[in-house]
Number of protein chains: 2
Amino acid sequence: MTDVAKLANVSQMTVSRVMRNSGYVSESVINRVVSAATEIGYVNNRLAGGLAGADSSLVGVVLPTLQNRVFSEVLSGVTTAFSESNVQPVFGVSEYSQRVETQLVLDLLAWRPKGLILSGLEHSKELRDTLLASSVRVVEVMDIDGRPIESSFGFSHRKAGWEMAQHLLGKGYKRFAYVGCQPNRDLRAVKRYKSFCNTVHRAGAQMVVTKYSDEPSSMLIGRQCTEAILREKHKPDVIYYANDDLAAGGLMHCLAHQIQVPKQIALAGFNGLGFLESLPMQITTSRTPRFEIGTAAAEFVSGDPKELVEPVKVDFAVDLVAGDTT
Amino acid sequence: MTDVAKLANVSQMTVSRVMRNSGYVSESVINRVVSAATEIGYVNNRLAGGLAGADSSLVGVVLPTLQNRVFSEVLSGVTTAFSESNVQPVFGVSEYSQRVETQLVLDLLAWRPKGLILSGLEHSKELRDTLLASSVRVVEVMDIDGRPIESSFGFSHRKAGWEMAQHLLGKGYKRFAYVGCQPNRDLRAVKRYKSFCNTVHRAGAQMVVTKYSDEPSSMLIGRQCTEAILREKHKPDVIYYANDDLAAGGLMHCLAHQIQVPKQIALAGFNGLGFLESLPMQITTSRTPRFEIGTAAAEFVSGDPKELVEPVKVDFAVDLVAGDTT
DNA sequence: AGTAAACATGTTTGCGCAAACATATTCCTC
DNA sequence: GAGGAATATGTTTGCGCAAACATGTTTACT
């Protein structure tokens, strides 16, 4: 900056003002500084800027995985929101481990981010305490069933489970099955499941099978679990899947074996992923606004850090889309 | 750090040594410092660290989109590789725009990253010049057909197009169609397409239809384009899709309308996405090692910045997987 | 014309850390 | 038991920038 200042015949501070366009600088000086900067190829050093007191304009984002479309869509929303501002996301993947998540966030805090976007409401006590004590703005996305550290942008998984159960009960189904993956990792799916089961039982219907895979969720797993369930003695008349990938896999199994859907077996998923539209049948599912949650969270954390913002809990309601598989 | 130093009764510099575990520090001092740091909840400030001369341990990652699984898998590979080291990726999405990409990278450089991971070999002249002049390690991923800025980790799209054409010609197909999306954005698909056409023509066969959508690629678009092609007067006997999403959409159309694959129409895709496994038929495709390219690129850029590394061009060969749709 | 505001620039200082360069203090070797 | 190496700690300094606080210079309004 000093070099630019010399070339433009002004003080370093004036260059700083031009770069951030803050304070008063005359038109002519701006031009001189800008051309001087371009001439010597000056690149602003944000490390120094951050250290000297400006806000760091970094936001930490920690998600459980990128293997699942759901989270890459959240991230997509986040980056889209940041593309307008000059905020940059620093990214980490926790692999659904609270230990890893805690470590990642601790590392991120070393960059003095202005905000943090985490996934879900379940974190290690250490992480929770650290963040409560720190001054960074924290948003937890994709869930609101619980006590957020600060703000949460998401929806109620319990309600989603209840709603789907209601829908299926309304359609007259009596014998329910559930297919999920890694229940000790995907805690939000478990919330849906429990709520779903409760609703089913209260209506006097029963869960005839619950099938969990240890593998990460995928269409293939959904297909395999469906095949296994349909070979069981006590066949259900509807399967509720933890997500659309599993459900779509189930549909593929039915298609490949000429099993009538929903006559012989009905299927329901969760998330409302875009690719469902192109399947031969429209799968009944609950649409979740993943991209929107990402953008909203990004905008929230990247606001002016000086202005105090009340913690909020925003419910981006899920939207049950009745397809033709139920 | 000074506070920790006081509490542990040592100098600030010794604390610094303990934090980075570099240099000589005695066992007892380490313990004292660590417990002092924990006691006051000290969080290392990497802005200051970076400014003071240590390498910043940030790596910039700019990809064209996250809507496409391909790139979220690359990113997944990158983050996986970084999870071991204490390097953090700063992330940006260019939306396939060279202008946006240039701006993003310029912003990233302000963080003095130790490396940069970009996608493809086509960039603005400004970006190319800036990066050639700078000292950050640059890796361009997913393509090697061209002149990289420094190093490139990817595969040959020309070869992939040629290989698929050879495969289809070998199967006896004579009338070829192609379906793609946004050809002025997805430059790599165009490379495959051109090479594919050349090979087809040289073998005396012909391209009967080429269909481009202006929408981003998706299964639904693939399905719609396939329907349109099959209504044309001059029907092809095989369709080569720009990617697996389109191809899978094509398959869905055929499944939904009882069109015999490959008897009435054969289908081929590109990428070898995981979800293909679960479809009722195995689509012929070229498997690309996206995750592996991500990890390799991440490891390459995050190496010790002091040691000079020769630029490399690594060919992660694509792997043609003959399914039962051709 | 006089004065307060708005405008335009400059000087000093410190953010928190790690290189670079001291000193001590041990340890080993001949 | 002398002397060099290995070990252990401390002091000074500067990275590049932006707050904080000057100090001029216009403009605007009475």
Side-chain angles (χ1 to χ4, degrees), chain A residues 1-34 36-37 40-58 86 106-114 134-135 304-306, chain B residues 1-34 36-37 40-58 86 106-114 134-135 304-306:
Chain A
M1 230 177 215
T2 315
D3 298 342
V4 177
K6 270 183 201 140
L7 192 59
N9 215 18
V10 292
S11 71
Q12 173 262 312
M13 196 60 225
T14 301
V15 177
S16 171
R17 288 199 182 95
V18 174
M19 291 302 162
R20 292 172 294 139
N21 55 93
S22 86
Y24 297 114
V25 191
S26 68
E27 205 57 49
S28 64
V29 167
I30 290 180
N31 292 332
R32 256 163 44 221
V33 168
V34 168
I40 65 175
Y42 170 74
V43 178
N44 182 30
N45 184 336
R46 292 222 207 178
L47 299 176
L51 188 59
D55 51 289
S56 85
S57 80
L58 284 179
N86 68 339
L106 259 36
D107 285 351
L108 286 178
L109 287 179
W111 292 105
R112 300 294 184 266
K114 71 192 305 184
S134 84
S135 64
D304 185 351
K306 264 160 277 178
Chain B
M1 230 177 215
T2 316
D3 298 343
V4 177
K6 269 183 201 140
L7 193 58
N9 214 20
V10 292
S11 72
Q12 173 262 311
M13 196 60 226
T14 301
V15 177
S16 172
R17 288 198 182 96
V18 174
M19 290 303 161
R20 293 173 293 140
N21 55 92
S22 85
Y24 295 114
V25 191
S26 68
E27 207 55 49
S28 65
V29 168
I30 291 181
N31 292 332
R32 256 163 44 220
V33 169
V34 168
I40 66 176
Y42 169 74
V43 178
N44 182 29
N45 184 336
R46 292 223 209 179
L47 299 176
L51 188 59
D55 51 290
S56 85
S57 79
L58 284 178
N86 68 339
L106 259 37
D107 285 351
L108 286 179
L109 287 179
W111 292 105
R112 300 292 184 267
K114 70 191 306 183
S134 84
S135 64
D304 185 352
K306 265 161 275 177

Assign a letter to each nucleotide of nucleotides 22-29 of chain C from its 5' end: B, base within under 4.0 Å of a protein heavy atom; S, sugar-phosphate only; -, no contact.
--------

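Taking side-chain N and O atoms only, Tyr24(B) has a distance below 4.0 Å to OP1 or OP2 of dT7(D). At dA18(D), one or more side-chain N or O atoms of Ser16(A) fall inside 4.0 Å of OP1 or OP2 (strictly under the cut-off). Distances shorter than 4.0 Å separate some side-chain N or O of Arg20(B) from OP1 or OP2 on dA19(C). For Ser11(A) and dT11(C), the shortest distance from a side-chain N or O to OP1 or OP2 is not below 4.0 Å. Contact annotation: Thr14(A) reaches the phosphate of dG10(C) (side-chain N/O to OP1 or OP2, under 4.0 Å).
Note: Ile30(A) CD1 to Asn21(A) CG = 7.5 Å, rounded to the nearest 0.5 Å. Atom-to-atom distance recorded for Ser56(A):OG and Lys114(A):NZ is 7.5 Å, nearest 0.5 angstrom.
Of the candidate nucleotides dG16(D), dC7(C), dT9(D), dG16(D) has the atom nearest to the side chain of Ala48(A). When the nucleotides dA8(D), dA18(D), dG14(D) are ranked by their closest atom to the side chain of Ser26(B), dA8(D) comes out on top.
Counting to the nearest Å, the P atom of dT9(D) and the CG atom of Asn21(B) are 15 Å from each other. Rounded to whole Å, the distance from CD on Glu27(A) to P on dT25(D) is 21 Å. Nucleotide dC17(C) holds its C1' atom 17 Å from the CZ atom of Arg112(B), rounded to whole Å. Rounded to whole Å, atom P of dG14(C) lies 14 Å from atom CG of Leu51(A). One interatomic measurement links the two molecules: CG of Leu47(B) to P of dC17(C), which rounds to 10 Å at whole-angstrom precision. In this structure, Met1(B) atom CE and dC15(C) atom P are separated by 15 Å, rounded to whole Å. Counting to the nearest Å, the C1' atom of dT9(C) and the CG atom of Asn31(A) are 16 Å from each other. If you measure from atom CD1 of Ile30(B) to atom P of dT7(D), you get 13 Å, rounded to the nearest angstrom.
Contacts of Ser22(B) classified as side-chain contact (heavy atoms from CB on, under 4.5 Å), with partners at least two apart in sequence or in another chain: Arg20(B).
Base engagement by Met13(A) is indicated by at least one non-hydrogen atom pair under 4.0 Å involving a base atom. The residue Gly49(A) sits close only to the backbone: its heavy atoms come under 4.0 Å of sugar-phosphate atoms, none of a base.
Along DNA chain C, the nucleotide closest to Ser28(A) and the one closest to Gln12(A) are compared, and the more 5′ of them pairs with Ser28(A).
Shown here for Val34(A) and Val18(A), the closest heavy-atom pair between the two residues is CG2-CG1, 4.1 Å. Of all non-hydrogen atoms in Val33(A) and Met19(A), the two that sit nearest each other are CG1-CE, 4.4 Å. Counting all heavy atoms, side chain and backbone alike, Val25(B) lies closest to Arg17(B) at CG2-CB, 3.7 Å.
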Donor-acceptor pairs under 3.5 Å, side chain of residues 44-51 of chain A to any protein atom, not counting sequence neighbours: which ones?
residue: Asn45(A); atom: OD1; partner: Leu47(A); partner atom: N; Å: 2.8
residue: Asn45(A); atom: OD1; partner: Ala48(A); partner atom: N; Å: 3.3
residue: Arg46(A); atom: NH1; partner: Ser57(A); partner atom: OG; Å: 2.5
residue: Arg46(A); atom: NH1; partner: Asn86(A); partner atom: O; Å: 3.3

Would you list the atom pairs, donor with acceptor, under 3.5 Å between side chains in residues 1-13 of chain B and any protein atom, with sequence neighbours excluded?
residue: Ser11(B); atom: OG; partner: Thr14(B); partner atom: N; Å: 3.3
residue: Ser11(B); atom: OG; partner: Thr14(B); partner atom: OG1; Å: 3.1

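Near DNA chain C, defined here as any heavy-atom distance below 4.0 Å, the residues from residues 2-10 of chain A are Val10(A), listed numerically.
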Worked check of side chain to side chain contact (heavy atoms under 4.5 Å, CB included) between Asn31(A) and Ser28(A):
CA-CA 5 Å; Asn31(A) 292 332; Ser28(A) 64; 5.5 Å; no

